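What follows is one structure encoded as C-alpha cells, with my remarks underneath.
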Number of protein chains: 2
Amino acid sequence: MKGDAVRGHLDALLLAALEQGPLHGYAIITAVQQRSGGALELRTGTMYPALNRLERLGLLRSDWQSVGERRRRCYELTDAGRRSLAEERTAWRELTAAIGAVLDPAPAPRPAT
Amino acid sequence: MKGDAVRGHLDALLLAALEQGPLHGYAIITAVQQRSGGALELRTGTMYPALNRLERLGLLRSDWQSVGERRRRCYELTDAGRRSLAEERTAWRELTAAIGAVLDPAPAPRPAT
DNA sequence: ACTCTATATATTGGCAGCCAACATATAGGC
DNA sequence: GCCTATATGTTGGCTGCCAATATATAGAGT
C-alpha cells in the first residue's frame, strides 16, 4: 500500500478502531493492521497527534493506566465520537460510490433496443 | 462532498474519464460530474496541471483543435495510460477493501458455538 | 552481562497535492 | 451591453500525512 493511503480517512479509522471498546495507541495500530489484513499500518507520527486532536474535539477521552512500570494512555469514544463515526461512515460510502461510479461507470441505459 | 475529496485519486479519475474516447479538459469536468451524480467537481487549478503532468509521463497525448475561433486541447489515453488505469483500479479496490474492513469489520468467526 | 526486539508514547521538520483566486478569451442569449 | 457558459491556464497557500528522531520499560536469546 502506497504512502498517504489513509489520507483523509484517518479520523474514521481511529474512531472505528475504538468502537468496540477502549484501546491504547499501540493497540490501535495493531488492531487496524489486523482488521485490514496487513494493508494499513498507522505511523506513530500520524496517529498520536491525531488522537490528541480528536480528544480536544471531544470525540475521545483518555486516561493513563499503569501496567507494572509501563504507562499506557487508553482512549475511548465519547457520545460525540460515536455520532462522528456514523457521519464518517456515511461520507466514506458517498465517496466510494462517487469515485467508483467514475472508475467503473454503469453502462448507459438505452431506450428499448 | 467536502474539499480534497479526490485527493490521491485524481489521476485515476482523469484516466477513467478518457477511457471511452478523447475529451478536452472542460468536457472531462462535466463527464466526471455527471458520472458521479454531481458529487465530484474537478477544479481547473487541479485538473489542468494534472493533465499536463500525465502527458509528460506519457500516459496521455493531446492535440489542439479549433471550433470556429475557439481552441480546445483534446486528450486521449496512450497504451501506457491504459495500463496505468488498470493499476489505478487495482489500487482503488485494495484501498476500499482495506479501509472498508476497518470501518465495517466482519464479525470474528468463532469456533462452533 | 549484553544485545536485540517488542512494547509504548511523543515531537519535529518537510513536502506532496489539492484548492481558491486570479487571469484571459470566445460564443450565445436576453 | 451584460451575463452566463465555454475553454484554458498560473500562482500562492494550506492541510495533513510521513520520515526521522527521541525516550523508556520488558522480555527473550546468547
Side-chain angles (χ1 to χ4, degrees), chain A residues 1-15 17-18 22-34 36 39-57 60 62-75 88 91 95 98-99, chain B residues 1-15 17-18 22-34 39-57 60 62-75 88 91 95 98-99 102:
Chain A
M1 185 89 29
K2 75 177 177 187
D4 271 32
V6 305
R7 190 175 202 109
H9 313 293
L10 178 60
D11 294 3
L13 293 175
L14 295 177
L15 295 172
L18 291 170
L23 289 175
H24 60 278
Y26 195 85
I28 293 176
I29 292 176
T30 54
V32 167
Q33 198 175 5
Q34 284 177 4
S36 68
L40 300 179
E41 191 159 358
L42 302 182
R43 311 295 163 153
T44 65
T46 300
M47 185 190 61
Y48 287 114
L51 289 173
N52 279 310
R53 179 172 45 79
L54 293 176
E55 186 169 24
R56 276 202 315 277
L57 290 173
L60 303 179
S62 71
D63 70 307
W64 285 95
Q65 297 178 344
S66 283
V67 181
E69 281 311 301
R70 287 280 261 295
R71 60 195 188 120
R72 287 175 176 175
R73 192 167 171 187
C74 209
Y75 294 88
E88 294 277 5
L95 179 70
I99 294 184
Chain B
M1 184 88 32
K2 73 176 178 187
D4 270 35
V6 306
R7 192 175 200 107
H9 313 293
L10 178 60
D11 293 4
L13 292 175
L14 295 177
L15 295 172
L18 291 170
L23 290 176
H24 60 279
Y26 195 84
I28 292 176
I29 292 177
T30 55
V32 167
Q33 198 174 4
Q34 284 176 5
L40 300 179
E41 191 159 357
L42 301 182
R43 313 294 163 154
T44 64
T46 300
M47 184 190 59
Y48 287 113
L51 289 173
N52 277 311
R53 180 172 44 79
L54 293 176
E55 185 169 23
R56 276 203 314 279
L57 290 173
L60 304 179
S62 72
D63 70 306
W64 285 95
Q65 296 179 345
S66 284
V67 181
E69 282 310 303
R70 288 279 262 294
R71 60 194 188 119
R72 287 176 175 174
R73 192 166 169 188
C74 210
Y75 294 89
E88 293 277 4
L95 179 69
I99 294 184
V102 176

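Only this structure's heavy atoms are used, side chains among them; waters, hydrogens and symmetry mates stay out. Here is how names work: the chains are called A, B, and so on, in the same order as the sequence lines, proteins then strands, and each is numbered from 1. As the structure is a computational prediction, the values presented were derived from the model and not from experiment.
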[X] to [Y] - nearest heavy-atom pair and separation:
X     : Y     : result
B:L23 : B:A17 : CD1-O, 3.6 Å
A:A50 : A:L10 : CB-CD2, 3.6 Å
A:Y75 : A:L18 : O-CD2, 3.4 Å
B:D11 : B:E88 : CB-OE2, 3.8 Å
A:A39 : A:M1  : O-CB, 3.4 Å

Which residues satisfy the side chain to side chain donor-acceptor pair (under 3.5 Å) test with A:R7, sequence neighbours excluded?
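Testing A:R7 for side chain to side chain donor-acceptor pair (under 3.5 Å), a comparison that skips the adjacent residues, returns A:D4.
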For atom [atom1] of [X] and atom [atom2] of [N], their distance in whole Å:
X     : N      : atom1 : atom2 : value
A:E69 : C:dT9  : CD    : C1'   : 16 Å
B:L57 : C:dG17 : CG    : P     : 11 Å
B:W64 : D:dA7  : CH2   : P     : 12 Å
A:M47 : C:dT7  : CE    : P     : 13 Å
A:R70 : D:dT23 : CZ    : C1'   : 13 Å
A:Q33 : C:dA8  : CD    : P     : 14 Å
B:I29 : D:dT6  : CD1   : C1'   : 10 Å
A:L95 : C:dC18 : CG    : P     : 13 Å

Using nucleotides 2-4 of chain C, report all nitrogen or oxygen pairs with the protein that are shorter than 3.5 Å.
none

Under 3.5 Å, which donor-acceptor pairs do the side chains of residues 25-32 of chain B form with other protein atoms, sequence neighbours left out?
unit_1 : atom_1 : unit_2 : atom_2 : d
B:T30  : OG1    : B:A27  : O      : 2.9

Tabulate atom names and distances for all N/O pairs under 3.5 angstrom spanning the protein and nucleotides 2-4 of chain D.
none

Among C:dA27, D:dA26, C:dA8, the one nearest A:H24 by side-chain distance
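Of C:dA27, D:dA26, C:dA8, C:dA8 is nearest to the side chain of A:H24.
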C:dT11, C:dT9, D:dA26: which one has an atom nearest the side-chain heavy atoms of A:R72?
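Output: C:dT9.
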Do you know which of A:R73, A:H24, A:R72 makes side chain to side chain donor-acceptor pair (under 3.5 Å) with A:S62?
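It is A:R73; the other options fail the test.
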Contact string for nucleotides 13-22 of chain D, one letter per nucleotide 5' to 3', B = base within protein heavy-atom range under 4.0 Å, S = sugar-phosphate only, - = neither, reads --BBSBB---
Could you pull out all residues at least two apart from A:E41 that satisfy salt bridge (charged side-chain N to carboxylate O under 4.0 Å, His left out)?
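So A:E41 forms no salt bridge (charged side-chain N to carboxylate O under 4.0 Å, His left out) with any residue.
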Could you tell me whether the side chain of A:V6 reaches within less than 4.5 Å of the side chain of A:M47, counting heavy atoms only?
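A:M47 does not reach A:V6 side chain to side chain.
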Note, A:L95 side chain near A:H9 side chain (heavy atom, < 4.5 Å):
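SC-SC contact between A:L95 and A:H9 confirmed.
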Look at the side-chain N and O atoms of A:R73 and state whether any lies under 4.0 Å from the OP1 or OP2 oxygen of C:dT9.
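Answer no for this pair, as no side-chain N or O of A:R73 is under 4.0 Å from OP1 or OP2.
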